[in-house]
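Bear in mind the structure is a predicted one, so any value in this text is a computation, not a measurement.
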Amino acid sequence: MTDVHKVIIIGSGPAGLTAALYTARANLAPLVFEGLQPGGQLTITTEVENFPGFPEGIMGPELMDLMRKQAQRFGSQHQEYELVDRVDFSRRPFTVWSGGRELKAHSVIIATGASARWLNLPNEQRFQGRGLSTCATCDGFFFKDKEIIVVGGGDSAMEEANFLTRFASKVTVVHRRDSFRASKIMQERVLENPKVDIKWNSAIAEYLSKDERTISGALLENTLTGEREAIDVEGIFIAIGHVPNTGFLEGQIELDEHGYVKLHGPTETSVEGVYACGDVADTRYRQAITAAGTGCQAAMDCEKWLELQRL
């Protein structure tokens, strides 16, 4: 008879590791599948200055390593660099498959996050955290009195551009069309902001760097004429949306029209005994601290449910 885990946690960002900490402290011995990027998106972030408890800031990978060790101290088990390929939530105990292995669990916490859309240009990974970002709230402070670019034309891009004018001396919004998709009020805030310049019908063709380590500019290409121009900036923020990591969940739990997990309570999904936390179900805040908070909620909801089931 296959052993049945009390809880399996899929994902290892702030949400997944906080859920691991709380379920481990409840003696549930959680099994955590960390995925191909253990620690989640924070592992490609340099300095984190807005996570409570670190007045001098902390490097993203270090923060995630500390969270992992804290959970392991209480008995969580971790499968590093292992993905969950598919699940079966149609009957209990639930079944989870990873690399040909089949595992059973009484409950599952989904914390697989959402991946930012990138431009897929050469050297993109090299510059992530070195002048290239997808989170204005996380990294805006580092660009005080500097000129930067925001790429995108939706509400997220408008919000990030406006926010970044608190720090940057100039924000150039680069958009591949001649009009924004954003709501009218968000457009007006950007268009009326004296610190914002707009490059219509433009796209970044190449990231520029003087030292091959950090961003020093961008080569823009006109989408209508093909004409190119280089502009000097010290930061580039990509704001073209996120993709929730839920492909393996299709047909198993209810997802919204964009693929995010649809919640039926603070952390409850459409399947009893399956919970979700962090960016996989959050389209609004997308912060490490809010993800950690929902990880705590999911763990407590899961623990209570297991207790009621006498499992």
Inset, instruction - Give me the ring orientation class for F141 and F167: parallel if the planes are under 30° apart, tilted from 30 to 60°, perpendicular past 60°. - result: perpendicular
Inset, instruction - Fit a plane to each ring of F180 and W200, take the angle between them on a 0 to 90° scale, and name the class: parallel (under 30°), tilted (30 to 60°) or perpendicular (over 60°). - result: tilted
Residues [X] and [Y] bridged, charged N to O under 4.0 Å:
X: K304; Y: D301; answer: no
X: E102; Y: K104; answer: yes
X: E159; Y: R189; answer: no

Of the non-hydrogen atoms in [X] and [Y], which two are nearest, and what is the gap between them?
X: A182; Y: M186; result: CB-CB, 4.3 Å
X: A292; Y: T18; result: O-CG2, 3.2 Å
X: P14; Y: G39; result: CD-O, 4.5 Å
X: M67; Y: L17; result: CB-CD1, 3.9 Å

Please check if any side-chain donor atom of [X] sits under 3.5 Å from a side-chain acceptor atom of [Y], or the reverse.
X: D145; Y: S169; answer: no
X: Y22; Y: E303; answer: no
X: W305; Y: E272; answer: yes
X: T95; Y: D88; answer: no
X: H5; Y: Q77; answer: no
X: D155; Y: S183; answer: yes
X: T294; Y: D282; answer: no

[X] vs [Y] side-chain heavy atoms within contact, under 4.5 Å:
X: Q287; Y: C138; result: yes
X: S133; Y: I236; result: no
X: F237; Y: D139; result: yes
X: I240; Y: L119; result: yes
X: H78; Y: R68; result: yes

Inset, instruction - Is it possible for you to check whether R86 lies under 6.0 Å from the centre of the six-membered ring of F248, through NZ or CZ, and within 45° of that ring's axis? - result: no
Inset, instruction - Could you give me the CA-CA distance, side-chain angles and deciding distance for S216 and D232, then say whether side chain to side chain donor-acceptor pair (under 3.5 Å) is met? - result: CA-CA 6 Å; S216 65; D232 295 329; 5.9 Å; no
Looking at [X], I want to see if its [atom1] is surrounded by more than 12 non-hydrogen atoms of other residues, nucleotides or ligands under 6.0 Å.
X: R92; atom1: CZ; value: yes
X: L308; atom1: CG; value: yes
X: R101; atom1: CZ; value: yes
X: R126; atom1: CZ; value: yes

Inset, instruction - Verify side chain to side chain contact (heavy atoms under 4.5 Å, CB included) between K184 and E188, making sure each step is shown before the conclusion. - result: CA-CA 6 Å; K184 186 176 180 181; E188 289 175 350; 3.3 Å; yes
